[in-house]
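Data block below; observations after.
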Amino acid sequence: MIRDLYANPIQTNVLTIFGSTALDTIRTPKKVLKDVLGGAATFAAISASFFEKPGLIAVVGNDFPEKYHSILRKFVNLDGLTVLEGKTFRYDGSYDKTLSIRKTLKTELNVLGDFNPSVPDEYKKSDFVYLANNDPEQNAKIIKEFDNVKFSMCDTIEFWIRTKRSAVIKMMKSVDSVVINDEEARLLTKEENLIKCAKKMMGWGVRFVVIKKGEHGSLLFHEDEIFPSVGFSLEKVLDPTGAGDSFAGAMIGYLAAKKRTNFSEIKKAVVHGNVMGSFAVEEYGVKALTRLKQSDITKRLRQYQKMVTF
């Protein structure tokens, strides 16, 4: 299965990812990084690229370093990247000593706040679309610009849930699947039990719900079925930033490569998401993902299979 997947030739513009590309300040107990390459769409697109090269739709300011343009260019199609006069979207967050609790210190939308995105012509025929955690009103608008999307996913974060909850719910009605972490699922649905959270979101119209649980893996919901998958056990964790976005990017990238979206394939996509998320946390920023080789992914998938088989 793994060999067949990686043997598939990459087809450009089968997949489009829309969301934020950012300059992050990340504060961990061991290290503080300032203005590092980040953003939901950045992590998701780089992760997805190991399965299907995506087209990226995002905006940055004229302060966005050329070295980061070069990194992105290696992994994604940048025809949909807009550079505007002004500052790039910035996020500032800190982690506790366990790296399991993150506190948002500052969110500066900058050019992202005034961005009026559009889908480039060469992206419009994309079969697969991922709307990363971005303004839900923009997400709901831009999904309509694609010609014939076969499968779409979205994510969201606390910032949008608190400021535009009704728009987040409306956005979910326009996609096939939502990927969301457990804290934000509870905040959005106003439920404590994760099964009830998923049922409420499916009641809003989304077919598949994936609730991420950090180091504890994830839960996939579809109708009355639940598929739990464990996180890949790691001894070395340096920076959890982008792990969830890498998870989602791997999911949509895998599905785009396989060109099938039945429940069985989505289960496999979730496992690939867990594996790619595990790589992301082993270095700071996007460093681990940009150093990955296909052989590393294949090896870890086999380790994962051994880990969950009995």
Side-chain angles (χ1 to χ4, degrees), residues 5 8-21 40-59 75-82 115-156 160 167-180 201-202 204-210 220-223 245 247-270 272-273:
L5 170 63
N8 286 344
I10 289 176
Q11 300 179 28
T12 58
N13 304 325
V14 170
L15 168 62
T16 294
I17 293 175
F18 170 56
S20 60
T21 292
T42 299
F43 279 97
I46 294 175
S47 180
S49 72
F50 289 92
F51 308 95
E52 187 74 49
K53 185 174 182 179
L56 176 68
I57 301 177
V59 61
F75 296 93
V76 304
N77 182 332
L78 291 182
D79 290 347
L81 181 67
T82 299
F115 185 40
N116 185 22
S118 61
V119 179
D121 288 341
E122 60 269 36
Y123 291 8
K124 287 185 177 179
K125 295 189 181 302
S126 293
D127 294 325
F128 294 80
V129 176
Y130 175 53
L131 308 173
N133 49 35
N134 196 43
D135 186 325
E137 293 177 349
Q138 286 186 347
N139 282 352
K141 178 183 176 182
I142 205 166
I143 193 69
K144 297 177 182 177
E145 294 187 31
F146 292 90
D147 293 340
N148 187 26
V149 177
K150 293 180 180 178
F151 190 85
S152 56
M153 281 176 29
C154 75
D155 195 356
T156 193
W160 300 117
V168 171
I169 294 171
K170 183 178 179 181
M171 170 185 68
M172 289 185 177
K173 296 178 181 180
S174 66
V175 297
D176 297 293
S177 177
V178 59
V179 180
I180 188 170
M201 284 183 274
M202 286 188 287
W204 292 335
V206 67
R207 294 166 51 212
F208 302 92
V209 173
V210 180
L220 165 64
F221 299 86
H222 174 57
E223 297 177 346
D245 301 309
F247 175 107
M251 267 195 71
I252 196 73
Y254 173 88
L255 293 171
K258 298 298 287 186
K259 297 179 176 58
R260 292 194 296 272
T261 58
N262 54 58
F263 192 49
S264 176
E265 290 297 345
I266 293 175
K267 287 180 181 179
K268 295 172 187 174
V270 166
H272 284 72

Kindly indicate, with the supporting measurements, whether the criterion side-chain contact (heavy atoms from CB on, under 4.5 Å) is fulfilled by D79 and E122.
CA-CA 9 Å; D79 290 347; E122 60 269 36; 2.8 Å; yes
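- Closest approach of N139 and A132 over heavy atoms only: ND2-O, 3.4 Å.
- Closest approach of V210 and S177 over heavy atoms only: CG2-OG, 4.5 Å.
- In this structure, L56 CG and I46 CD1 are separated by 9.5 Å, a value rounded to the nearest 0.5 Å.
- Counting heavy atoms from C-beta outward, L131 and V175 have side chains that approach closer than 4.5 Å.
- Remark: K124 does not engage D147 in a salt bridge, criterion side-chain N to carboxylate O under 4.0 Å.
- Put simply, the side chain of I180 reaches to within 4.5 Å of the side chain of M201, judged on heavy atoms.
- Taking each heavy atom of G19 and A58 in turn, the nearest pair found is O-CB, 3.4 Å.
- Taking every heavy atom of both residues into account, P54 and A48 meet most closely at CG-CB, 4.4 Å.
- Here the OH atom belonging to Y130 is positioned 5.5 Å from the CG atom belonging to D245, to the nearest 0.5 angstrom.
- For Y123 (side chain) and G80 (main-chain N/O), a donor-acceptor pair under 3.5 Å exists by modelled atom type.
- Rounding to the nearest 0.5 angstrom, the gap separating the CD atom in E265 from the NE2 atom in H272 is 9.0 Å.
- Side chains of D127 and F146 form no contact here, defined as non-hydrogen atoms less than 4.5 Å apart.
- Summarising the geometry, atom CE belonging to M171 is positioned 13.0 Å from atom CD1 belonging to I142; distances are rounded to the nearest 0.5 Å.
- Between the E52 side chain and the F128 main chain, no donor and acceptor come within less than 3.5 Å of each other.
- Under the 3.5 Å distance criterion, the side-chain polar atoms of T42 are left unmatched by any main-chain donor or acceptor of T21.
- Summarising the geometry of P120 relative to I57, their closest heavy-atom pair is CD-CD1, 4.0 Å, with the distance given to 0.1 Å.
- Note that CE of M251 is 11.5 Å distant from OG of S47, once rounded to the nearest 0.5 Å.
- F51 places none of its side-chain heavy atoms less than 4.5 Å from the side chain of K258.
- Closest non-hydrogen pair, A250 versus G273, comes out as CB-CA, 3.8 Å.
- At distances below 3.5 Å, at least one donor-acceptor pair connects side-chain atoms of S152 with backbone N or O atoms of D176.
- Using a 4.5 Å heavy-atom threshold, the side chains of F18 and V129 count as separate.
- Under the 4.5 Å side-chain criterion, counting only non-hydrogen atoms from C-beta, F151 is in contact with I266.
- Atoms OG1 and CG, on T82 and N116 in that order, are 9.5 Å from each other to the nearest 0.5 Å.
- Put simply, the side chain of E145 reaches to within 4.5 Å of the side chain of S118, judged on heavy atoms.
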Could you walk me through whether F247 and V270 satisfy the side-chain contact (heavy atoms from CB on, under 4.5 Å) test, starting with their C-alpha distance in whole Å, then the side-chain angles of each, then the deciding distance to 0.1 Å, before giving a yes or no?
CA-CA 8 Å; F247 175 107; V270 166; 4.0 Å; yes
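- Between W204 and V178, the closest side-chain pair of non-hydrogen atoms is not below 4.5 Å.
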